[in-house]
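Inspection log for the structure reproduced underneath, given as structure tokens.
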Amino acid sequence: IHGSTATLINTEHGAVAVGAFVEENGTQQTDGSINATRIEFNPSSGGGSNTTEGQATGFKGTIQALPGTTNLIGDWTISGRTVHVISSTKLRSEHGPLAVGVRVKVKGLLMNDGTVVATKIQVRDSQ
């Protein structure tokens, strides 16, 4: 989700922050991202102790499968976990190429279905 100076951020019901449940309106782009026109904290969306969606997570693993896209946007499999790579995901390959069999460090948001929306994937320098 992309915000801009034109995005209305409503904090009437709570702060919009990492890990908060929000409701957004906007326009979906061809890469699957959304240009937000409005973002608002939504306390009725969950956030109780039985949900983990949106919590920050990180793990290390080995790339097992990559999408067939030239920009690597799509679903990856890393050590048996599905990782969603979106246009805003930072892909860091200073220590080698992103390829099947390469060890990586993943940071992102954990979804209720166990998948991760990646914010950053970095090739590990020590295999």
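Below, all heavy atoms of this structure are taken into account, side chains as well, without hydrogens, waters or symmetry copies. Computed from a predicted structure; not experimentally measured.
In terms of the side chain to side chain contact (heavy atoms under 4.5 Å, CB included) criterion, residue partners of T57 (sequence neighbours excluded) are, by chain and number, L110, V116. Under the side chain to side chain donor-acceptor pair (under 3.5 Å) criterion, T115 pairs with H84, D113, sequence neighbours left out. The side chain to side chain contact (heavy atoms under 4.5 Å, CB included) test applied to I86 returns S88, T89, V117, not counting sequence neighbours. Residues forming a side chain to side chain contact (heavy atoms under 4.5 Å, CB included) with I73 (at least two apart in sequence, or on another chain): N71, S87. Contacts of S4 classified as side chain to side chain donor-acceptor pair (under 3.5 Å), with partners at least two apart in sequence or in another chain: none.
Every pair passing salt bridge (charged side-chain N to carboxylate O under 4.0 Å, His left out) that includes a residue from residues 72-98 is listed here, sequence neighbours excluded: R92-E94.
Closest heavy-atom contact between L72 and V85: O-CG1, 3.5 Å. Of all heavy-atom pairs spanning S79 and G61, the tightest one is OG-CA, 3.1 Å.
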Item checked: Audit row: F59, V83, side chain to side chain contact (heavy atoms under 4.5 Å, CB included) steps and yes/no -> CA-CA 11 Å; F59 69 96; V83 177; 3.9 Å; yes
Margin query: I'd like to know whether L91 forms a side chain to side chain contact (heavy atoms under 4.5 Å, CB included) with L98, so could you lay out the CA-CA distance, the side-chain angles of the two residues, the decisive distance to 0.1 Å, and finally the verdict.
Written below: CA-CA 8 Å; L91 300 175; L98 290 160; 3.8 Å; yes
Notebook entry, point to check: So W76 and T82, side chain to side chain contact (heavy atoms under 4.5 Å, CB included) or not? Walk me through it.
Noted result: CA-CA 6 Å; W76 297 28; T82 298; over 6 Å; no
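Using a distance-only test at 3.5 Å, with no hydrogens or angles considered, a donor-acceptor pair links the side chain of T119 to the main chain of K107. In terms of modelled atom types and a separation under 3.5 Å, the side chain of Q122 and the main chain of S93 share no donor-acceptor contact.
Once rounded to the nearest 0.5 Å, the distance linking CD1 of I63 with CD1 of I121 reads 7.0 Å.
The side-chain heavy atoms of K60 and R103, taken from C-beta on, include a pair separated by under 4.5 Å.
With hydrophobic clusters built from ILVMFWY side chains whose heavy atoms lie under 4.5 angstrom apart, I34 does not share a cluster with L8.
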